[in-house]
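Some notes on the structure that comes next.
Only heavy atoms go into these numbers, but all of them, side chains included; no hydrogens, no water, no symmetry mates. The chains referred to below are lettered A, B, ... by the order of the sequence lines, with proteins before strands, and numbering in each begins at 1. Quick caveat, the model's predicted, so the values are computed rather than measured.
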Amino acid sequence: MNIIVCVKQVPGTTDVKINKETNTIIRDEADIIINPFDEYAIEEGVRIKEKVGGSVTVISMGIPKTAELLREAIAVGVDDAVLLTDKAFAGSDTLATSYALSMGIKKIGGYDLIVCGKQATDGDTAQVGPSLAEKLGVPHTTNVRKIEEIKEGYIRCQRMTDDGFEVVEMPLPAVITVVKEINEPRLPSIKGKLKSKKYEVKIFNADDIGADKSLCGLNGSPTQVIKTFTPVHDINGEIIEGTAGEQAKNLADKLLAMQFVKCK
Amino acid sequence: MNYFLTEEQEMIKELAARIADEKIAPVALEYDREGKFPRDIIKYLADSDLCGVYIEEKYGGLGGGVLEMALVVEELSRACGGIALAFAGTGLGAFPIILFGTDEQKNKYLPDIAAGKKLAAFALTEADAGSDAAGIRTTAVADGDHYILNGTKQWITNGAEADIYTVIACTNRSKGARGFSAFIVEKGTPGLSFGKKEDKMGIRASSTCELIFEECRIPKENLLAREGMGFIVAMKTLDRTRPGVAAQALGIATGAFNAALKYSKEREQFGQPISSFQAVQHMLADMAIQIEAVRCLVYQTCRHIDSGAKNISKEAAMAKVFASDTAMRVTTDAVQIMGGYGYMKEYPVEKMMRDAKITQIYEGTNQIQRNVIALELIKESTRE
Ligand SMILES: Cc1cc2nc3c(=O)[nH]c(=O)nc-3n(C[C@H](O)[C@H](O)[C@H](O)COP(=O)(O)OP(=O)(O)OC[C@H]3O[C@@H](n4cnc5c(N)ncnc54)[C@H](O)[C@@H]3O)c2cc1C
């Protein structure tokens with residue numbers, strides 16, 4: 001089973017600064033970490049490999065310094081690391097990112113499963129995973145909290161929902177995005193760290209992966225950030241009081257009034 | 001301060017520090033309260049390859065020595081001296097095999113220890129033989145292909161939890177300490193049982209337990225070195241693990257200092273942080289000076305030992321005494337700086353002060369260490 005894990009570099013602090021003019025994140029190149037959700041993706045990839053055999057490759061599109069982060073993945077059991085880096089990729093939105101990743105993944109080839117974190121802690125869009133699946137023309141499942149079964153050409157997983165989970169089956173190759181409930185990422189080992197120190201991350205530019213530059217970076221990014229804000233969830237429930245009988249009647253009246261139910 | 005650690009030693013220290021901060025610190029107070037043995041933490045150490053830092057590569061370790069062991073103990077002890085002891089106590093049990101084991105014995109036991117699959121323990125002390133270790137009464141009598149052990153060992157770290165025990169017993173009582181021998185006894189051997197688990201002042205996450213041998217038959221190939229070498233096996237082992245106790249003390253002191261420093265900046269009295277009072281500043285400065293001096297002595301002693309030096313008893317004893325006395329002082333001062341809060345169980349320094357105390361007692365009390373140091377000094381001066 002060949003597994004590819006998509007990894008993003010994000011700011012190491014939770015105190016993300018926004019450029020007021022472009023409404024984009026100001027990235028401090030000195031302080032970057034692996035997107036925390038991607039750590040779960042890496043761990044899941046390594047666990048699948050340990051169970052059914054095969055190999056795990058991490059791929060990232062990012063600044064050259066991201067290579068250092070990809071080495072950390074080698075230290076926890078990943079076999080190979082690929083970094084897509086090119087000035088042409090600068091300013092990518094989720095569409096351009098998933099395009100570049102899809103081209104990089106096609107170049108790697110021969111994959112059965114692609115694992116992504118459910119979202120990145122900086123942009124928080126959760127779009128790259130599904131969008132990547134579309135670009136590659138493979139099925140996907142988001143918010144996976146458990147893989148129940150995985151074998152040649154088949155995966156069955158639990159997809160977390162607001163009030164429980166769904167069981168989803170897919171043929172492979174496919175893309176999944178994982179939530180933090182799926183596992184507890186391991187710490188690196190000394191032997192892994194020693195291996196990662198010697199490891200050379202494979203670096204590809206836009207030409208290496210045959211990317212059409214008009215679809216990369218700012219050129220390929222139709223998104224314009226008008227405003228950033230945290231959505232407010234202000235759906236207030238109403239508590240119906242009274243005796244059981246009164247409550248039932250009150251509730252029935254309300255449902256009737258809202259035309260959710262009908263009287264015959 | 002640059003301690004001139006190698007890249008691999010830095011890696012070991014960093015990884016141990018991560019386990020201390022991320023995995024141990026959040027549970028240290030609970031494990032202390034409940035007296036819970038840290039199986040889960042050992043798993044993290046094992047998965048990170050840290051269990052074998054001091055074991056040769058051909059037996060699955062990382063090929064380091066006493067310094068590597070000390071670095072791990074120090075970092076873990078910063079978060080909890082008791083939890084760190086599961087690792088350090090295993091080192092104490094493993095060193096007799098590392099130093100005196102045959103290739104077969106090493107092949108049989110060290111890989112599992114290096115992989116963290118098995119823990120070890122070292123059993124010398126008995127009810128009537130503490131400082132005077134030559135007074136042990138446990139016997140081992142040869143019987144065909146076996147030795148039969150009888151007697152009771154007391155206060156054995158990792159007792160009942162460890163799988164591999166190195167045990168010192170008398171094979172020839174008439175010869176005194178020259179009649180002692182060292183044996184490897186596996187948990188599960190008929191005739192080996194465990195007595196009561198002690199309820200201790202500190203290092204409560206460590207298990208301290210009686211080992212009871214009743215007609216316990218062990219195969220002859222489990223003899224370490226030769227008959228009559230037991231006391232030497234014990235002393236040479238302790239020479240290499242006392243710096244480990246020193247590292248434990250160093251870690252505890254560092255943990256207490258860090259807590260006190262942080263608190264002194266946050267706690268305000270008379271309208272200002274208590275760190276602005278010179279009395280507190282000088283205490284902090286003195287704590288830091290002592291810790292720094294300890295760290296330098298401990299690391300350097302470890303390097304001296306790892307270089308293959310012959311005479312190491314005095315040096316190991318000095319590191320152990322200086323570090324443990326410092327830990328006791330620094331943890332007491334940390335409680336003082338934190339005032340009443342420092343005295344409360346909700347804050348870590350109360351526990352650290354209790355944990356520090358043991359480092360002055362075990363692996364030879366500090367009085368006994370001073371005896372060792374003084375005797376060596378006198379011996380050296382007459383030699384000159
Ligand atoms: C928590 C814990 C864990 C332990 N783990 C282990 C273990 O894993 N394996 C093991 O074999 N042992 C272990 N021990 C035993 C430990 O090493 C002994 O407790 C220690 O050596 C001291 O012996 P004692 O307690 O019998 O004290 P004693 O020898 O009775 O000493 C009492 C006091 O008298 C002083 N004293 C004794 N003789 C002299 C002297 N000649 N000159 C000056 N002062 C002297 C001592 O310094 C001490 O202050 C452990 C003990 C504890 C408490």
State the NZ-OG distance between A:K8 and A:S60, to the nearest 0.5 angstrom. 9.5 Å

Measure from NZ or CZ of A:K107 to the centre of the six-membered ring of A:F204, then state whether that distance is under 6.0 Å and the direction lies within 45° of the axis. yes

Could you check whether atom CG of A:D162 has more than 12 heavy atoms from other residues, nucleotides or ligands sitting under 6.0 Å from it? no

When you look at CD of A:E200, are more than 12 heavy atoms from neighbouring residues, nucleotides or ligands closer to it than 6.0 Å? no

Ring-ring centroid check B:Y109 B:Y59, cutoff 6.0 Å: no

Are there residues of residues 13-46 of chain B whose heavy atoms fall under 4.5 Å of chain A's heavy atoms? If so, which? B:E14, B:L15, B:R18, B:I19, B:E22, B:K23, B:Y44

Is the count of non-hydrogen atoms from other residues, nucleotides or ligands lying under 6.0 Å from B:E266 atom CD greater than 12? yes

